[in-house]
Each structure stands twice: as structure tokens, then as C-alpha cells.
Amino acid sequence: MAVEYKLTLQLPKTDFPMKADLPIREPKLLEKWKAEDLYHQILERRKNGKPFILHDGPPFANGDAHMGHALNMTLKDMVLKSKNMAGYRVPFIPGWDCHGLPIEHKVMKELGDLAKDPVTIRQNCEAYARKYIEIQRNQFERLGVLGEWQKPYLTMDPSYEADVLRTLATIVEKGWIYQALRPVYWSTGCQTALAEAEIEYSPKMDLSVFAKFSVLESSLSKLGVSSSVSILIWTTTPWTLPANLGVAAGAGIAYGLYQQNGEHFLAATALAASLPGFAAGEPIQVLKGIDLEGIEYQHPFLNRQGKVYTADFVTTETGTGFVHIAPGHGRDDYQLGQRVGLQTLSPVDDRGCLTEECGVADLVGKYVFKANPMVRDLLRNEGKLWAEQEFSHDYPHCWRSKTPIIFRSVSQWFIDVNGFRAEALDEIKNVTWVPTWGENRIRGAVESRPDWCISRQRTWGVPLPVFYDDRGTAVLTAGQVRQVADIVEEKGTDWWFKTEAEEIAKTLGLPAGLRKGLDTIDVWIDSGASHAAVVKRRLSFPADLYLEGSDQHRGWFQSSLLTSVAVWGTAPYKQVLTNGFVVDMDGKKLSKSDAYKKPTDLLSFVNKFGADILRLWVSSQDYRDDVPFSEEIFTRVTDSYRTVRNTVRILLGNLSGFNPEKGVDRSEWSEIDLYVEAQLQDLIRTVLGAYESYEFHAVYHAVIRFCSVDLSAFYVDVLKDRMYCDAVSGKRRLAAQTVMYRVLESLVRIIAPIMPYTAEETWLMMGKKESIHLQLFPEAGEGAAHYRDRWDRLIQVRSLVNEHLEKARQQKLIGKSLEAQVTLRGSTFQENDRELLQEIFIVSQVRLESAPTLSVEVSPAGGLKCVRCWKFGEENGKHAEHPELCPRCTEAVLALNPDS
RNA sequence: GGGCCUGUAGCUCAGUUGGUUAGAGCAUGCGCUUGAUAAGCGCAGGGUCACUGGUUCGAGCCCAGUCAGGCCCA
């Protein structure tokens, strides 16, 4: 009998599967979106909307997308999708950074000795970049990111390169470009400058010397001695001594004046005793480095005088406490030289051989490492050699030719940042930085940055279109750069590399006999100029938002700001949002983590969990800080996903057979319906606000809480009786369906930016014809504030009743709550609240009694159990034909079979 | 070494201008249900608010220092 009655129930029914199978289901939806060209459909739908421009920072076209990319790209897409649903027109043009050393490096390794011709190298680099663009494009699309994937911007597109050159032209025009000598790592084997990434350290034997620099007589008085004194210096690169232009001492370091074998010499007190051949004992006098400043000395073998300067890079770890300064051959040396106005002397040619400028005829043409013993001999002959030592150290070598590298000055091009630094700092104030400390960060970077070295002795990049005459004088004008830009726009930058200098010069109307420069432009100019090549050309300037990792304050945010201020006089963005880095559970970066030795690539996680899980993970985190990543966190997120999915599923199940057009008017809703609908409005308000301020984790928490607390544990649970047992088209049941439909419609829209696939799956399951992503967010109506007092009391008393039901359950007095009768004493509720209370307690009977204090009593429900709805009641079983049913179920069953 | 930032239950997050016994969801444990069932419901346990010191009648919140971690420099 009971089995038959079960068939008269309206149990939830849906084809929406409990098991998500995201790795299988998502690709099918993605195919559908692509086939429908959903992205352009959305743009068309929003064509009258206010534009919102999120400008994509180009990732480097190298390697697979990893969790860091996943974090950033997902955040971008959540911004895009939420802005779209808020009614904005949101074009998105993804981009890639294509030029640069890492790719050139990889290609050179693959090519080996074939890597001679620039054009060959460049073609291989391009192929390499295109390969990874294709890979990353598929990986990003798989995340559910919608955008102009078929027409992304590539920094190697000729049109892009042309705009990089035009940006440069404007800076040339404003006079903010200059050329200067600066020391760089130089491979004598490859005859090229190297970047740090191209250097390998390996052990090398070298000759080090201790040399005596005689203090000039004019300076002796400073030391308070009359006889001759030498400053002792130690160097591991004797060949740089011909380029010596000064000596550095540490301002706070103590130096002793010692006497040995009738000679006076100066050395740091902390090091003197460890000097080879030291036998002087205690110093005659001790001076601070600061007191030695300005002392002049005679170069040991050249007719040249130098001075002592103080510098903070001097230490007393090794040597003598004095550092010989050759501004053309060391970074510290160069900076000191710049500070005190020394020449950048670098008497070494491309092959690493000393030039005439070195001032010693015998050394000219000698390879620097061969010159070391010769310099030692020179010192000895001049009586300036204190000691020599063979020693082994880790020394930088060229990754390719394996020859030891040297520091050598070559001519480089710089942007004079001081020309517009103040303007840039002003513009920083006009930008909204999220989090706010980003402003300090970039201000610090812009304030402290030296002039921008934009030339690279590389091949894979945009050429610096400069010419040199036979005296080495540079020819670089804005007009010439613009002409090159126009040609490059048509022919690409290979043109510069494969065309003879003479022909280019002729084309540009320059005189004959010029040599073309072979430097490329720093890739930070490439990507930094995207405001010109992309935002201005294809979007709308300035962009509303840039969103990248916090390392970009010194990187792309800065290069974009500087080039934009230099060219347009304004910042390229209105707002800048940053995300932290992906770290492991202990807060350590993944590369240092024990748990994640290997890079965690995006696709393996998407294929294992699904894009929506990955995205839900992103949304669950406060990305402004570092974002922890672990299996456990993913498991937790998967649990949350199930909460949402099952909630959606039960709503769909309860809506089986519901026609939304035949919903019930609000005036007929029950108090519970009204309350839940009002809770929904509160949720919508909270969520829209959170999206507005990009606080996706607030959306996540609000949605999960709503699903599990308001819907699953309350509304859906309480309404089971109504949904399953009431007559199919009873008013109460239809009212509930009306509310559930509205809740679901809103809920799906709200989660769509975070879980685009699951939202779409649900939306289509609701019978909707067009994509969820074409929809707008729901508008927040009146919330639950006006129910607040009453419902606070209802929820509170429900919780109290649950405690007592649990106690009764532990005492085996009842099993499920419908087996109970609840007596509520001393509450403020009235007789006409009884039915509501019984419903929300999910019990069979509620009795209200007055009493001075609030108390709850639970007892087994009285009367017969209705076999259909399982509720107990004294009125049950009164109907002759249905002696096991309650009156309500009798009515419901009779309504099904009017004939019987 | 310097600049910027972070540290609240196992996990993810709340925590108003300092003000009762620091909250939520998930996870865990125990029970119920078997009409959301590879589901659902209830109850319970769980925190030295990184640490130390200070200001205050009162500090998770303000100040100083320490430790741990991150990004960027050197």
C-alpha cells in the first residue's frame, strides 16, 4: 500500500547529474561556445554598453601555462565576465610577449653552430614563439576565458613592432635618448654582450697581484708622515690595471699605517696580518677610510694620478681593504666613476685584446688573460709588486663558447628618465592602486630607477634603427625612426637585418657610407608600448584596468607608465590591480616547496579536476596576498563545488514540471517563501558589491553560505513536505516552485563569472535557449531587513528546538524529527504561528504554552502516522478509502484520481 | 643588507572608530535519515588571534622589536 502511495509523491526529478565529470563535460561546452562565436555574440549584445577595458599584460611565449598563469588569467576572466554581466561592453584582446633572451637562448642552443646568420636565428625564434603561443592559447581558452583568441596581439607582429618604433621616435623627438659607455658582461669567444642568464660559473685558476700605489707627496701631510707611503691594492684581474682611475676605501673601515723593510704602506687593520709577506706588526697609526678620501696617488706604471674615494661596496672580507677602480670594467667601479666624474676607460676590443688606449705598447693586442703575467712583470720592474698569488675561484664563463667572460664597456643607449620622472610620479597619484600599497611600490620603483638602458646586443627583438658614421658618431632622428616604422609595418623587422646598410640608408635618404646598428631594443619597451600598439589602436585609451602579479610594479606597470607618460603625458591605466604569488601551504614558493618540486602546469589540474574547480579555487582566495596551493585545498574546494552543484540539482529536481510562466503571484507566497526570496536579495546585493570591488572570495563565501545554510539546510529541507506531498498544482507548492525558480535564475547568474561551465550547464538544463553569458546580473530587490526581528527569533528558536530534538534522538525517543511533538513554552509566538513553527521545525505537532521563561519539550508525536507524508496526527486515517493517510494526503491522492 | 607586504580553528575567510565568552562555511567526530542517497539533516569538539614587550581601565585591532614567509632591489 505504502509503495503505491509513494508513486503519488512529487519527488525531485532531473537529468542534471550529481557527478560533475567536468574534465569531460567542459570541453563540449567550450566547443559549443566556439562554434557559436559566443565572444562576439556577447560584444554585439553589449554594443551600446559603456566600455570597460581590461588590458591584458602579455605573458612570455615560452613553456606551458602554470598555476601562476591560471591564477592571473582566471582573475582577469572573472573581472571580464562580471563586468559583462553588469552591462558593460567588455572587449578582451589577449597578448603575448614574443621577443627576448629566453627564446633566443633556447633557439641558439638548438641551432648550435648553425646560429650564425641573424635572419636564420630570428626565423627560428619566431617559430618557437608561435609554437608556445598556440599551446598557451589552448590552455587559457580551456579555462573558459572568452576573448579575441583568433586575433591576439603579438609583440612580434609587424604592426606592433612599428608602434614600438613610433613610441621610440617620440622619445627621440623629445630629446630623452642618449648614448653612453657602460660595462657589460662580454663574451670574447662570441664577441657579444651577455645577459646574466647566459653566464655559467666554473672554477678557474687566476693570477692575483698585490700592487703598491704610491701616495703623492702633496698628500703625505694628510697622513702626518714625511717619507713615502704606498696604498696596497689587491686584484684578481691585473689586466684591468691599465684602466685604473681610482681607489676605493670603506668610509667606516679602519686602516693602519704600517712600516716594513723601510717602506710605509696602508691596509685595512682587519686584513693586514693576513697579507702575504706581512711582518710589520702593530700599525704606527690608524685612520678611518673617510679620512683617506681625496688622497692622491701615482699610477704604478702609467703617467697618471688617481684619488682615493669612499664607497660602501668595499669590505674587509678579502684583499687589502682598498679596491682598485677601473670604471670601464666593473659595475661598482662604473657607478662610483659616474658619481665622482671619472671617465669610462675600457681599452679592450671585441676579441678581448688590449688596445692602444691602454698606454703600454707591449700590451697592445694581447688577450687580457695573457696580459695578466705581463702586467705582473711591469709591476715588478717598477718596484710596485708587493706579492702575487695563483688562486682558484668560481669565475663566470660564456654559456656558449665556454670562454671566461670579462667586464668591458660598450656603448649603450639610454632613456633619460629624469626628463619626465616628475610627471610620471604625478600620474601615479591619478591611478587607483589595489591594494593601496601598490602605489608605494611603484613610486619607489620610479623614484629610484636609474636611466633606462634600452639597447641590447641581441638578435631576437625590434632593431634599434641607428646608424654610425666612420668616426662612430651615431645618427638617430625621430623622422628616421618613423620612416623605419612605416617600412617595418609592411615588411617586418627582418627587413632591417637582411637589408644592406647602404640600401637602407638610401631608402631613408641618409648619406652613403654609414654603418647600421645591430642592437635590439629592450623587450620591456616592447611590452611597455602596448598602450600604443593595442589600447590606442584596438581598444580605448586609457585602459580602465591592468591586472598582473605584484612583481610587475617594477616590470610592466612601470615600463607601461614610463613610456606612456613620455609619449602621451598620461598614465595608460585608471586602475591597477595586483595578485600575489602561488605558494605552497607553508607559504613557500612552489619552486622551493618539498611538495611541488616540479612546476605545476595548468592543464594537468584542469584535466584532473576541471576548469570550474580551478576557478572556484581562485575565487576562494584573497588573491591580494600570496595564494596557497595544495592537494588539501583543492579537496576542500571540490567539496564546496559539490555543495553548489547539489543545491542547483535539487532546485532543478523540485522544478520538474514547472512552467515559469505560470508562477504564483507574490501575494500568495508563504512567509517562508518571502523570507528566502528576501535572503536572496541580500545575497545579490552582497555579491554585486563584491564583484564591483573585485573581492571574489567574498562572492565565494556568500554563495556557499547561501547554498548550504539558507537553501540546503533550511528552505529545501523545510519544503520537502510541501514539494513532495502537496497536490501537484496546489497553490503552496506552486508558490515554492516560483520562488525556487527565481532563486535558481539568480544564483546561476551570480556564479557564472566564477563557474562559467557549470552555470551554462545549469542554465541550459533550465530550458534556456541562449547562453548564460549573454545575460545580465539580477538586480537586488528588497532584502530581509523588514523580517529581521521576527526571523531572527524564528531561526533562534529553531536552533534551540534542534538541540532538544537531538537530545531526544540520543535518548532513542525519536528518530527523524517528524516523529516528534514539540512543546514551546514561554515564547512570544502566537497560535497562528503554530503551522509555520511546525513547518520550520519539521515536526508533526507544535504546542504553545505560556510560561515565565522560554523552554522546549520534545515528546513522541501522537496520533497515527500517515504512510504517505510520514507525519503524525490525530486527524489521520479518518477517510474510509484511505485509512492510512492524513487529510492533506487524502486530498492530494483524490485529486490525482478524481474518479475513485 | 634595503624597500613594500603578509601571519585569526585542520582549510578558506569575517572580525566596524580598541569594548561582554573571537565568528562563519567547509573538514573532523557522534547520531539521524534512506523520498537530494557516491546525497540530505542535526548536534558536538576544535583558537596562547606567529612570538615578546609597550600604550590603555580595556588590545586580534594601536606602537616597538623578534621569528616565519612572499615580491622587488642590492
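Letters go in sequence order (proteins before strands), and every chain restarts at 1.
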No-H, no-angle donor-acceptor pair, A:T647 side chain to B:A36 base, under 3.5 Å
no

For [X], report the nucleic acid contact type (base, sugar-phosphate, nothing); a contact means any heavy atom under 4.0 Å.
X: A:T578; value: nothing
X: A:D622; value: sugar-phosphate
X: A:R645; value: nothing
X: A:P435; value: nothing
X: A:K19; value: nothing
X: A:G815; value: sugar-phosphate
X: A:H697; value: sugar-phosphate

Basic-acidic side-chain contact under 4.0 Å: [X], [Y]:
X: A:E806; Y: A:R809; answer: yes
X: A:E548; Y: A:K76; answer: yes
X: A:K871; Y: A:E819; answer: no
X: A:E439; Y: A:R443; answer: yes
X: A:R554; Y: A:D551; answer: no
X: A:D612; Y: A:R645; answer: no

Look through every strand shown and name the nucleotide pairing with [N] as Watson-Crick or G-U wobble, where both distances are under 3.5 Å.
N: B:G7; result: B:C67
N: B:U16; result: none
N: B:G1; result: B:C73

Please state the [atom1] separation for the pair [N] and [M] - nearest whole angstrom.
N: B:A68; M: B:A22; atom1: C1'; answer: 24 Å
N: B:G10; M: B:G29; atom1: C1'; answer: 13 Å
N: B:U21; M: B:A14; atom1: P; answer: 24 Å
N: B:G47; M: B:A36; atom1: C1'; answer: 35 Å
N: B:U6; M: B:G65; atom1: P; answer: 16 Å
N: B:G3; M: B:A9; atom1: P; answer: 29 Å
N: B:C43; M: B:A24; atom1: P; answer: 12 Å
N: B:U33; M: B:C41; atom1: C1'; answer: 7 Å

Tell me the interatomic distance from [X], atom [atom1], to [N], atom [atom2], rounded to whole angstroms.
X: A:D584; N: B:G70; atom1: CG; atom2: P; result: 9 Å
X: A:K6; N: B:U33; atom1: NZ; atom2: C1'; result: 13 Å
X: A:I842; N: B:G35; atom1: CD1; atom2: C1'; result: 13 Å
X: A:M18; N: B:U34; atom1: CE; atom2: C1'; result: 13 Å
X: A:Q811; N: B:C43; atom1: CD; atom2: P; result: 16 Å
X: A:Q621; N: B:C11; atom1: CD; atom2: P; result: 12 Å
X: A:R443; N: B:C71; atom1: CZ; atom2: P; result: 24 Å
X: A:D15; N: B:A36; atom1: CG; atom2: P; result: 18 Å

Classify the ring geometry of [X] against [Y]: parallel below 30°, tilted from 30° to 60°, perpendicular beyond 60°.
X: A:H553; Y: A:W433; value: tilted
X: A:F605; Y: A:F609; value: parallel
X: A:W617; Y: A:F634; value: tilted

Just checking, is any N or O donor in the side chain of A:D673 or A:Y715 under 3.5 Å from an acceptor N or O on the other one?
yes

Quick one: do the A:Y694 and A:S82 side chains pair a donor with an acceptor below 3.5 Å?
no

Candidate nucleotides [options], ranked by approach to the side chain of [X] - the nearest:
X: A:D626; options: B:C41, B:G35, B:G70; value: B:G70
X: A:V709; options: B:U12, B:G25, B:G40; value: B:G25
X: A:H701; options: B:C72, B:C13, B:G35; value: B:C13
X: A:W870; options: B:A36, B:A24, B:G35; value: B:G35
X: A:N646; options: B:C41, B:U12, B:G40; value: B:G40
X: A:N802; options: B:C43, B:A39, B:A36; value: B:C43

A:R624 side-chain N/O to A:L577 backbone N/O, donor-acceptor pair under 3.5 Å:
no

Can a side chain N or O of [X] be found less than 4.0 Å away from OP1 or OP2 on [N]?
X: A:K816; N: B:U34; value: yes
X: A:R798; N: B:C43; value: no
X: A:Y5; N: B:G35; value: no

Stretch residues 738-747 of chain A: residues that reach within less than 4.0 Å of RNA chain B through a heavy atom
none

Which comes earlier along RNA chain B counting from the 5' end, the contact point of A:D551 or that of A:I814, where each point is its nearest nucleotide?
A:I814

Let me spell it out: for each of A:P628 and A:E819, pick the nucleotide of RNA chain B with the closest heavy atom. Which residue's pick is nearer the 5' end?
A:P628

Does A:Y724 have its ring centroid less than 6.0 Å away from the ring centroid of A:W870?
no

Taking the six-membered ring for Trp, is the centroid-to-centroid distance between A:Y5 and A:H882 below 6.0 Å?
yes

A:V716 and side-chain contact (heavy atoms from CB on, under 4.5 Å): which single residue from A:T647, A:I650, A:V743, A:N646 fits?
A:I650

Extract from the structure each pairing of a protein N or O with an N or O of nucleotides 3-6 of chain B at less than 3.5 Å, listing the distance.
| residue | atom | partner | partner atom | Å |
| --- | --- | --- | --- | --- |
| B:G3 | N2 | A:R441 | NE | 3.4 |

For A:F706 and B:G25, is the gap between ring centres under 5.5 Å while the planes differ by less than 30°?
no

Nearest heavy-atom pair of A:L22 and A:G610: which atoms, and what distance?
CB-CA, 3.8 Å

Can you build the contact string for nucleotides 26-31 of chain B? Use B for base contact, S for sugar-phosphate-only contact, and - for no protein heavy atom under 4.0 Å.
BS----

